[in-house]
Amino acid sequence: MTETEEPGRATPTGHLLAAQTARLEECIRQANAPGNLDGLLAHHILSRRRLSFDWDVNPLAPAWIADNEHRFAHSHGLAVLGYGLAGFSSTAASHAAARKHLTAGLPALMRKNPFQDDGVTFVNDPRQIIGLALAVNTMQDDIPQARTWLAEVLQDPKLRPANILLSLFQEHARRILGTTTAAVAVDACSIRDPVEAACIHWLTVSARDGRLADQDELRRLQSRLLSDILLADTGQPTAPRAALLLEATAQIVTASIDETLLSRTHVGVLLSRFEAAMRQWRYDGDDLDNPIKWPITSEREIQNILWLMLRPVFDDLVEEETLRRLGHSTYRADFGIPSLALLIEVKYARKAADFKTFEKEIYDDYIGYLAGNSPYRQMTVFIYDESASVQEHDTTRNALLKLPNITNVIIASRPSHIPKPKRSPRRHSRNQQADGAPDA
């Protein structure tokens, strides 16, 4: 073990990350004053993230509103009130005063030309455009036409953002307003400005605008972005630019930790504990006054149990993930975990002969599941064996694990305290047994 690997000792990268984080926080702290537009946009970007200082940008204090009434005839003052009403608590008097100023100021602003020849207008200021979007949303009941007006301004052909960062904030404002719009066309790989890359990352991860659906593309952006934040000279950025860099750093580090702790192997470990967990599955005897019986009769119930096991751990667990069409068939997997690029297929065996059937079905579905279905690249199989045909388990497990992208095969037998379901004799078609079958 080297010195830098010694437990409890920070690595050089850790020291550099801490220093850059402290520098970015200091840039934000300089704008941490009531009503400061830079500070308010930084607060909006960082949301509830804990910093080394307490936020002091809330403009909805009675004294501040009284001292700044002259600002509320202008777009920048109205934007401040938008941030205040949308992001902070206030007294009833301050809340009412802010709404009164917006009621008077927004109609006056709507009568002005938002596309002045000199370019000095709120549409070219990210701080104002976000604050005004928050303001008109807050005042929707009182001034519904204000929201319509701002949405039209943000869709006007005369809107020509001078740089990528401004265009991204304008896009975020449109989404605040609920305007259906295509994402600004930006090639994340071609971005050279770390702040612009951080904004794309924020829109994707924090603001949930979903710009980068491809997990591999997102990881490439995160890797390059963290390297730029640690090594590039970003100078003394304004508070909003510093907030974007800081939020990206925090999100990337958190995601890296999650990927280390929560992996495909972790999924296999959780599913392998199914049998032990079923010790607490209720199926009381008839000798009790009010026996509780939770029958397990089909694949659907097993999916319900697996959801309860996996969802508390994996936030992005998707049920019945519909995959890309292949030829004439559309495939639907039982579960997907996009962050791990992993699909989970569930089967319910009623008799020993089902295992041979499952092998064939999974072979057939294997290509359809993983062919071109980004972000999914690997698959785990879970089989619940009602028949307790343990002599078949190893044969099926070993056969399926020969497929290179099947990471794990877990087979769990029915607990002895849960009786085998009584069924009338009839054949079960594949569609009745396997929700993951291809649709016509």
Spell out, as yes or no, whether a donor-acceptor pair under 3.5 Å connects the side chain of [X] to the backbone of [Y].
X      : Y      : answer
Asn32  : Asp56  : yes
Glu301 : Thr297 : yes
Ser167 : Pro161 : no
Trp281 : Trp294 : yes
Asp38  : Ala31  : no
Asn405 : Met379 : no
Asn36  : Gly39  : yes
Gln20  : Ile229 : yes
Thr204 : Ile200 : yes
Gln378 : Ala341 : no

Closest contact, heavy atoms only, [X] versus [Y]:
X      : Y      : value
Pro107 : Ala104 : CD-O, 3.7 Å
Leu203 : His172 : CD2-CB, 3.8 Å
Ala198 : Ala248 : CB-CB, 4.0 Å
Pro59  : Leu40  : CD-CD2, 4.2 Å
Ala79  : Arg127 : CB-O, 4.4 Å
Tyr376 : Ile337 : CE2-N, 3.7 Å

Quiz prompt | Criterion side-chain contact (heavy atoms from CB on, under 4.5 Å) on Leu271 and Asn408, from CA distance to verdict | solution = CA-CA 10 Å; Leu271 294 181; Asn408 219 327; over 6 Å; no
Quiz item: Going by the ring pair (Phe, Tyr, Trp, His ring centres under 6.0 Å) test, which pairs reach into residues 124-159, not counting sequence neighbours?
Solution: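 Passing the test, one end in residues 124-159: Phe122-Trp149.
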Minimum side-chain heavy-atom gap [X]-[Y] below 4.5 Å:
X      : Y      : value
Trp202 : Leu168 : no
Arg224 : Arg192 : yes
Leu102 : Phe72  : no
Thr407 : Val267 : no
Leu340 : Phe314 : yes
Leu400 : Phe358 : no
Leu134 : Leu85  : no
Ile164 : Asp193 : no

Interatomic spacing from [atom1] in [X] to [atom2] in [Y] - rounded to 0.5 Å:
X      : Y      : atom1 : atom2 : value
His76  : Leu37  : NE2   : CG    : 8.0 Å
Met139 : Leu78  : CE    : CG    : 10.0 Å
Gln236 : Arg241 : CD    : CZ    : 12.5 Å
Ile28  : Thr238 : CD1   : OG1   : 9.5 Å
Leu159 : Ile129 : CG    : CD1   : 7.5 Å
Glu299 : Asn304 : CD    : CG    : 10.5 Å

Quiz item: Going through the checks in order, is the side-chain contact (heavy atoms from CB on, under 4.5 Å) test met by Trp307 and Glu319?
Solution: CA-CA 8 Å; Trp307 175 271; Glu319 185 180 18; 3.8 Å; yes
For residues [X] and [Y], is any side-chain donor paired with an opposing acceptor at under 3.5 Å?
X      : Y      : answer
Ser52  : Glu25  : yes
Ser339 : Asp316 : yes
Thr357 : Glu361 : no

Quiz item: Got more than 12 heavy atoms from elsewhere within 6.0 Å of CG, Asp54?
Solution: no
Quiz item: Salt bridge between Arg23 and Glu26, side-chain N to carboxylate O under 4.0 Å?
Solution: no
Practice problem: Report the C-alpha distance between Asp141 and Arg99 in whole Å, list the side-chain angles of each, state the deciding distance to 0.1 Å, and finish with yes or no for salt bridge (Lys or Arg N to Asp or Glu O under 4.0 Å). | Solution: CA-CA 11 Å; Asp141 292 339; Arg99 294 184 69 88; over 6 Å; no
Quiz item: Looking at Glu247, Gln222, Gln251, which one forms a side-chain hydrogen bond (donor to acceptor under 3.5 Å, both in side chains) with His201?
Solution: Gln222
Quiz item: What do the steps show when you test Ser75 against Gln128 for side chain to side chain donor-acceptor pair (under 3.5 Å), and what is the final call?
Solution: CA-CA 7 Å; Ser75 57; Gln128 293 189 55; 2.5 Å; yes
Quiz item: Going through the checks in order, is the side-chain contact (heavy atoms from CB on, under 4.5 Å) test met by Asn124 and Thr121?
Solution: CA-CA 6 Å; Asn124 293 326; Thr121 172; 3.5 Å; yes
Self-check item: Tyr384 and Phe274 aromatic ring geometry - parallel, tilted or perpendicular at 30°/60° bounds
Solution: perpendicular
Exercise. Determine the interplanar angle of the Trp55 and Phe53 rings, folded into 0 to 90°, and report it as parallel if under 30°, tilted if 30 to 60°, perpendicular if over 60°.
Key: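 Perpendicular: the ring planes of Trp55 and Phe53 meet at over 60°.
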Exercise. Run the numbers on Ile383 and Ile411 for side-chain contact (heavy atoms from CB on, under 4.5 Å), then give the verdict.
Key: CA-CA 5 Å; Ile383 302 174; Ile411 305 175; 4.1 Å; yes
